[in-house]
Amino acid sequence: MNPRFDPVHGLSGAVTPPADKSISHRAALVGAMCDEPVTVRNFLNAADTRSTLDVVLALGAGVDEREGELVIRGVGLQGAFEPTDGTLDVGNAGTLMRILPGWLAGQPSGRWTLDGDESIRRRPVARVVEPLRSMGAQVEADDDRLPPLTVRGRRLQGIGHTLQVASAQVKTCLIFAGMLASGQTRVTEPTPSRDHTERMLARARAPVERDGLTVRVAATDELELDEVVVPGDPSSAAFLVAAACVVPGSRIVVNDVGLNWTRNGFLRIAERMGAVIVGELEDPPPAWDGGREASATARTGLVPSLDTEPAGELDVCAAPLEATTVVAEEVPLAIDELPLVALLGCFAEGETVVQGAAELRVKETDRIAGVVEGLRGLGADIEATEDGFAVRGSGGLRGGSFDARGDHRLAMLGAVAGLASREGVEVQGMEAVEISYPGFEDDLRGLLEG
Ligand code: S3P
């Protein structure tokens, strides 16, 4: 039977979100690249990151689990094994599919085929295939565009590459390859995307430097990482924050959540809409104007060399909401939370618009179609645009049935919509939450008991 999420009168209490998925993927892979064991505290235990651990094991690393901690015994930067049948199963993990080829492409030898579930086979990989080939990599994909993706280890040379779309996955893939390539590799983003890789590699003493929107990386033989402490995932926490924003009378505390400025775009958008959120969000570098005014040249002073991941508490209260427009440069900083901007828009005064977010069409599902059709089915006045959506606040949502389409973030969106609706919402495919947030339903229902 599909779970129902019925209207409630207010959420209260404290909750700790699951560990960050992006940082957990990176911790497992960077741990596998190290020569000495790396302890990872608070590694995310969810389907996507279990896929990464399985892959790391298949590549020859050891993974020991001790009292909630993982110890990764790496194979070194150039020591990835070739498993007997050569296949690596990434499951549903798009991040793993796109960042791992960078490491494998620069191995002295070996051949690996990365494949995954049915959704993975629809996720574009040309964005990593093309720049990797220009580094001299031997990479093949179906029609050069789609998984499965086969990589053979080769000698690589550094390149300068400008990303068409800000993508932390592509940036990470090229940084990994750059550590194994001769000369220097430069990756320039059109606007900033999450920077967990740069921070983790700075801690691992890798020759990675940032200059404005460009990351420079040189070849290295060895990484040294003492330990990684994974903070709570701001993208998972955002579903709880959004619930507290749209259910009148709510006040919740979210503990130990990552506050890295390249991930807190949703919190800033929600605040702009009128939500009351108190927390020590990391500030963007002074040169970043939130994408509203200055040109890219004016932002070249961007990004100091940070190597830590800030984390802390958020205190969130429901308040009347006003519409806003989310512009393209804000999109990478809130990419996985944009479905929630649509939800807040249903409860806001005026028309909320998200622009420049065509990337949503190539996530685990087409998230523009999933959000628009899903929320419209619950009574929202929302329409899709080519690169986003527009929603007119109509005093809330009626309720009904919501199809998660196999997408974890859509499943959580449907559940939160139900709590704030007039008649409740039945979510089809709630089990998709296993991908990033297995305890979601329990955490959400815990906030109903205060
Ligand atoms: C991720 C980057 C984002 C995000 C994804 C995780 C990462 O994707 O949507 O959920 O961990 O690097 P893109 O890099 O494709 O924007």
Side-chain angles (χ1 to χ4, degrees), residues 18-30 43-44 46-49 51-52 90-103 116 119-120 122-131 147 161 163-176 187 189-201 215 228 230-231 233-239 258 260 262-266 309 328-341 354 356-368 370-371 387-388 407-410 412-413 432-433 435-437:
D20 193 291
K21 183 157 82 69
S22 286
I23 299 177
S24 295
H25 282 307
R26 287 157 172 78
L29 291 180
V30 175
F43 186 86
L44 174 66
D48 249 22
T49 43
S51 294
T52 304
V90 306
N92 187 252
T95 301
L96 182 58
M97 172 59 85
R98 299 215 184 95
I99 73 179
L100 178 60
W103 183 33
S119 144
I120 273 292
R122 285 184 267 113
R123 314 266 324 252
V125 289
R127 53 187 67 193
V128 295
V129 169
E130 285 163 15
H161 182 75
L163 303 182
Q164 296 300 309
V165 176
S167 162
Q169 294 176 353
V170 181
K171 176 176 62 173
T172 300
C173 175
L174 300 181
I175 293 173
F176 286 170
V187 188
E189 302 189 272
T191 68
S193 67
R194 67 190 67 189
D195 65 357
H196 304 304
T197 306
E198 297 92 304
R199 292 187 197 219
M200 193 177 290
L201 289 177
V215 180
V228 181
V230 184
D233 195 319
S235 301
S236 301
F239 288 86
N260 177 323
T262 62
R263 293 292 295 283
N264 64 31
F266 170 70
E309 290 288 351
E329 287 171 295
E330 292 176 284
V331 163
L333 310 177
I335 184 75
D336 295 333
E337 298 77 69
L338 293 175
L340 291 169
V341 176
V354 171
E359 274 296 290
L360 289 179
R361 296 213 181 266
V362 291
K363 293 295 174 188
E364 284 82 333
T365 53
D366 174 345
R367 283 196 182 143
I368 294 181
V371 166
D387 64 352
D407 183 330
H408 54 132
R409 304 217 194 265
L410 291 186
M412 295 189 278
L413 175 69
V433 297
I435 291 296
S436 62
Y437 195 165

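Residue numbers count from 1 along this sequence. Everything numeric in this text was worked out from a predicted model, so none of it was measured. Each ligand, and each atom within it, is numbered from 1 in the order the structure gives. Note: hydrogens, waters and symmetry copies are ignored here, and every other heavy atom, side chains too, is used.
Take F43 and apply the ring-ring contact (aromatic ring centres under 6.0 Å, His included) test, not counting sequence neighbours, and it matches no residue.
For ligand 1, the protein residues within 4.0 angstrom (heavy atoms only) are S22, R26, T95, R98, S167, A168, Q169, R194, I335, D336, K363.
Between the side chains of S193 and K171, a donor-acceptor pair is found at a separation under 3.5 Å.
Partner R263 forms a side chain to side chain donor-acceptor pair (under 3.5 Å) with one of E309, H196, E337 and no other, that one being H196.
A distance of 6.0 Å separates CG in L340 from CG in L413, rounded to the nearest 0.5 Å.
Under a 4.0 Å N-O distance rule, the pair K363/D407 does not qualify as a salt bridge.
Between the S24 side chain and the T49 main chain, no donor and acceptor come within less than 3.5 Å of each other.
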